[in-house]
Structure formats: C-alpha cells, structure tokens
Amino acid sequence: MNTSALHAQLPHTLGQVHLPSSLGTHYHGKVRDTYRQGDRLILVTTDRLSAFDHVLTTLPFKGEVLNRLAAFWFERTKHVVPNHVLDVPDPNVTVARACQPFALEMVVRGYLTGSLWRDYQKGTHTAYGLPFPAGLRKDEAFPAPIITPATKAEYGKHDEPISEAEILARGLASPRDWARLTEAALALFAEGQKWARTRGLILVDTKYEFGKVGDELYVIDEIHTPDSSRYWVADEYEARFAKGEDQRMLDKENIRQWLIRERGFSGQGTPPPIPDEVRVELAGKYLAAYERITGAPLKLEPGDVHARIEKNLRAAGYL
Ligand SMILES: Nc1ncnc2c1ncn2[C@@H]1O[C@H](COP(=O)(O)OP(=O)(O)O)[C@@H](O)[C@H]1O
Ligand SMILES: [Mg+2]
C-alpha cells in the first residue's frame, strides 16, 4: 500500500463542495453533495467519513473509491435491477436519473452480526417483526438472507428499524411496491454474494435505496460499497466462527470499533477528532477493499480533487 500517496493527499481531501450554482440546486447529504438539473442529479461523492450517523473527518481518496466501486457494481448488476446511473464524468461524480425515492433503507443480511447481533443480545431485535430463532451465535448465517428495513432519518438521527406491517400502514410503500422492493433487494444481494465469492469474500450484509420514475423501479444512491456493506474474508470464516473469533473484515465496522474501543464513542454527543495516522490507515482499508473486490488496484493521483471535478464537469458539458 502506497501510504506516502495517502499522506500527500491529506491536505487535498474533498470535504466541502462549492461548485458554481449553474450546476443546479444544491443539497448536502452526509457523504454526497447533490446538484439537481431537472430530471437528472449530479452526485458528488466527497471524502467525508460518516459513522453512527455523524460526519467525523475526511479520508484521502475515499470519495473516488466509493464512486468507482458503486459504478463497478451498478454495471455488474444492471441486468438484475435497473439503476440510476447515466454517466460517470469524474472518478468522484455520478450523473443519475432523478428518482422519487422511497423513504426506506432496504437492509439485507446474510448473517447475524453488527448492530443486529448487539440488538439480539439485548432482546431489542423484534422491531422488524421477523421471527428469529433463539440460540443463534454471533456471525451465524441465516438459512436465507433476511430484510431488516429502516426508515431514512434526518442528519444526526439514527435510522429507525421498521416492520413490513408498519411500512404498509404508514404508506411508505404500496403493497405492490413493497413486493417489488423486497424481490429487487434479494436479487441484487444474491448477485453481490455470487461475485464476492469469486473474489474470496463474503458479502455479509448491505443497504439499498430505491426510487421510481413513473412506475419504473430503480436502485439509487450507491450499492455494495464499504460504506453500505459488510464484507468478510471467506476462507477464514468457518475457522473463526467455530472458535468464536471476530471475522476478518473489509469494511467500515473497523472505524466503529476504533471509536468504541479507543474513544468510548458510539454516536451520542460530539464525535472525537480523528488523528491523521488513523485517517491514513482507514483510507488504506478503503483502497484495499477496492482492490480486493474489483481485482485491480486503483491508480492514485494525488492533487486537488475539487478543481479536477470542476474541470471534468465543464469538459462533459454539465457546467
Ligand atoms: N437517483 C436518485 N434520485 C433521488 N435521490 C437520490 C438518488 N440517488 C441518491 N439519492 C439521494 O441522495 C442522497 C445522497 O447523499 P448521501 O450523502 O448518501 O445522503 P445520506 O446522508 O442520506 O446518506 C441520499 O439522500 C439519497 O437518498
Ligand atoms: Mg447515503
């Protein structure tokens, strides 16, 4: 891993986006900045790192890794479910079909781990209205992947678990759309797991967002990135599970565990500052994930990300 390139990029990370207003109406998410031009969105993936629904810092090349990985996966799954991508004019930018989003996060899980395992131990895992057998072990595979949906919360608030009955009662999706959403989410997950296996990885769980244009369903936002998914190293799974050891992972759970272990932070109050050494180490994990998933290393080109984005958007005629 080229850590000197990561250090060199620390002063150039993309934290704030301030592109000319002619690009469209500007919205901020936790990780992406979005500009709306009529029926299309210019989605700029920044280097911001969010965990426990807070933005903590920026990581060198993180936006590029996420945007490229999402583009990779959208391309690989477009025969399964149509997606929002129209163009990728810059490593950090996706031009997408503007959809009417469902206010739902479709979380698909193949294994009992992470927050669901923490809930299961406390007995607070019942919010999804799903039957869970007693006596499951940490990191145990479910007989088949399950969907544990959540409502999309505002900034700083936690996404709330929700049951199918509640989704239908609140009208967050019609019965027909709910059936289509679950089918699409499970089909995407199966495709993701299949590819991950060929790369020696387990796609453990992930989160999808969907939207509609007219009656057409599209998968939007990002898919199968380390921000939205958990990956484990496949050939170590059985031995580690048998011994009750943590799995070797390739995802954001690393930062969550660092925050809990080193700083006692799990989302309440003001997040602690993140030292540069930790930022570089975490950036390295994002790059390693990219390489592991796609099978090709990312060529790092340190420099001013914001200026490059503006140049590429002009060249492609979006500005
Ligand atoms: N094609 C699309 N149409 C409409 N909304 C979209 C589309 N793609 C992504 N979005 C929305 O844009 C935002 C992306 O910014 P992000 O930083 O991921 O936000 P969040 O803080 O909600 O995670 C999200 O609210 C996502 O739902
Ligand atoms: Mg998001």
Side-chain angles (χ1 to χ4, degrees), residues 5-74 83-99 101 152-157 207 209 211 220-223 225-228 252 255 271 273-274 276 279-280 282-283 286-287 290 298-319:
L6 297 179
H7 274 283
Q9 188 64 6
L10 281 171
H12 304 300
T13 56
L14 186 64
Q16 306 297 322
V17 183
H18 41 83
L19 289 161
S21 57
S22 58
L23 192 58
T25 321
H26 187 186
Y27 305 92
H28 300 261
K30 287 185 288 284
V31 173
R32 273 162 283 273
D33 272 55
T34 304
Y35 293 82
R36 190 177 181 125
Q37 293 185 343
D39 53 8
R40 70 186 180 199
L41 298 179
I42 319 285
L43 290 150
V44 181
T45 306
T46 70
D47 293 325
R48 296 193 290 264
L49 171 70
S50 101
F52 299 117
D53 294 320
H54 288 267
V55 173
L56 303 171
T57 182
T58 57
L59 303 181
F61 302 108
K62 174 177 178 275
E64 175 169 348
V65 165
L66 288 188
N67 191 57
R68 282 187 191 271
L69 264 179
F72 169 88
W73 278 112
F74 278 131
N83 62 62
H84 71 167
V85 178
L86 299 172
D87 188 15
V88 183
D90 178 273
N92 287 65
V93 180
T94 291
V95 178
R97 216 182 287 274
C99 299
K152 261 189 80 70
E154 295 156 47
Y155 181 78
K157 296 200 186 139
K207 180 252 344 175
E209 293 180 31
I220 64 171
D221 205 45
E222 61 177 343
I223 65 165
T225 69
D227 270 16
S228 66
K252 228 175 100 168
I255 179 71
I274 313 292
D276 281 354
R279 292 169 68 203
V280 165
L282 286 171
Y286 274 90
L287 286 165
Y290 178 90
L298 193 64
K299 242 179 71 218
L300 301 183
E301 287 173 25
D304 185 337
V305 180
H306 199 281
R308 189 201 63 214
I309 289 174
E310 187 163 345
K311 194 180 99 209
N312 284 334
L313 286 175
R314 282 192 197 287
Y318 295 107
L319 253 180

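Computed from a predicted structure; not experimentally measured.
Closest approach of Leu56 and Pro271 over heavy atoms only: CD2-CB, 3.3 Å. Listed here is the closest heavy atom pair of Gly211 and Ile220: N-CG2, 3.9 Å. Among all heavy-atom pairs drawn from Leu313 and Pro89, the shortest one is CD2-CG, 4.0 Å. The shortest non-hydrogen separation linking His12 to Gly303 is CB-O, 3.3 Å. A pairwise comparison of heavy atoms in Ala51 and Ile255 identifies CB-CG2, 4.3 Å as the closest pair.
By the 4.5 Å heavy-atom criterion applied to side chains, Val17 and Ile309 are not counted as neighbours. Under the 4.5 Å side-chain criterion, counting only non-hydrogen atoms from C-beta, Asn312 is not in contact with Val93. Side-chain contact check for His306 versus Gln16: every heavy-atom pair is 4.5 Å or farther apart.
Atom CD of Gln9 is separated from atom CD of Glu301 by 10.5 Å, given to the nearest 0.5 angstrom. Tyr27 contributes atom OH, which lies 12.0 Å from atom CG of Leu43 (distance to the nearest 0.5 angstrom). Annotation: the span from Gln37 atom CD to Ile42 atom CD1 amounts to 4.0 Å, rounded to 0.5 Å. Rounding to the nearest 0.5 Å places CG of Asn92 at 8.5 Å from OG1 of Thr46. Distance CG/Leu10 to CG/Asp276: 5.0 Å, rounded to 0.5 Å. Residue Leu23 holds its CG atom at 10.5 Å from OH of Tyr318, rounded to the nearest 0.5 Å.
With hydrogens and angles disregarded, a donor-acceptor distance shorter than 3.5 Å links the side chain of Arg36 to the backbone of Gly38. With hydrogens and angles ignored, the 3.5 Å screen pairs a side-chain donor or acceptor of Lys62 with a backbone N or O of Arg48. The backbone N or O of Glu222 lies less than 3.5 Å from no partner atom in the side chain of Glu209, so there is not a single donor-acceptor pair. In terms of modelled atom types and a separation under 3.5 Å, the side chain of Thr94 and the main chain of Ala96 share no donor-acceptor contact. Checking side-chain atoms of Asp33 against main-chain N and O of Val44 turns up no donor-acceptor pair under 3.5 Å. Proximity of a side-chain donor or acceptor of Glu64 to a complementary backbone N or O of Leu298 within less than 3.5 Å is not detected. Listed for the Asp47 side chain is no donor-acceptor partner under 3.5 Å among the backbone atoms of Pro60.
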CA sep, side-chain torsions, deciding dist, call: Leu300, Leu287, side-chain contact (heavy atoms from CB on, under 4.5 Å): CA-CA 10 Å; Leu300 301 183; Leu287 286 165; 3.7 Å; yes

Going through the checks in order, is the side-chain contact (heavy atoms from CB on, under 4.5 Å) test met by Leu66 and Tyr286? CA-CA 8 Å; Leu66 288 188; Tyr286 274 90; 4.0 Å; yes

Run the numbers on Ser22 and Leu319 for side-chain contact (heavy atoms from CB on, under 4.5 Å), then give the verdict. CA-CA 7 Å; Ser22 58; Leu319 253 180; 3.4 Å; yes

Show the numbers, then the answer: is there a side-chain contact (heavy atoms from CB on, under 4.5 Å) between Asn83 and Arg97? CA-CA 8 Å; Asn83 62 62; Arg97 216 182 287 274; over 6 Å; no

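Here salt bridge (charged side-chain N to carboxylate O under 4.0 Å, His left out) pairs that include residues 85-95, with residues two or more places apart or in two chains, are Asp90-Arg308.
Using a 30° and 60° split on the angle between ring planes, His26 and Tyr35 fall in the parallel class, below 30°.
Lys311 has no carboxylate O lying under 4.0 Å from a charged side-chain N of Asp304, or vice versa, which leaves the two without a salt bridge.
Scored by the side chain to side chain donor-acceptor pair (under 3.5 Å) test, Thr58 finds Thr13, Arg279 as partners (sequence neighbours excluded).
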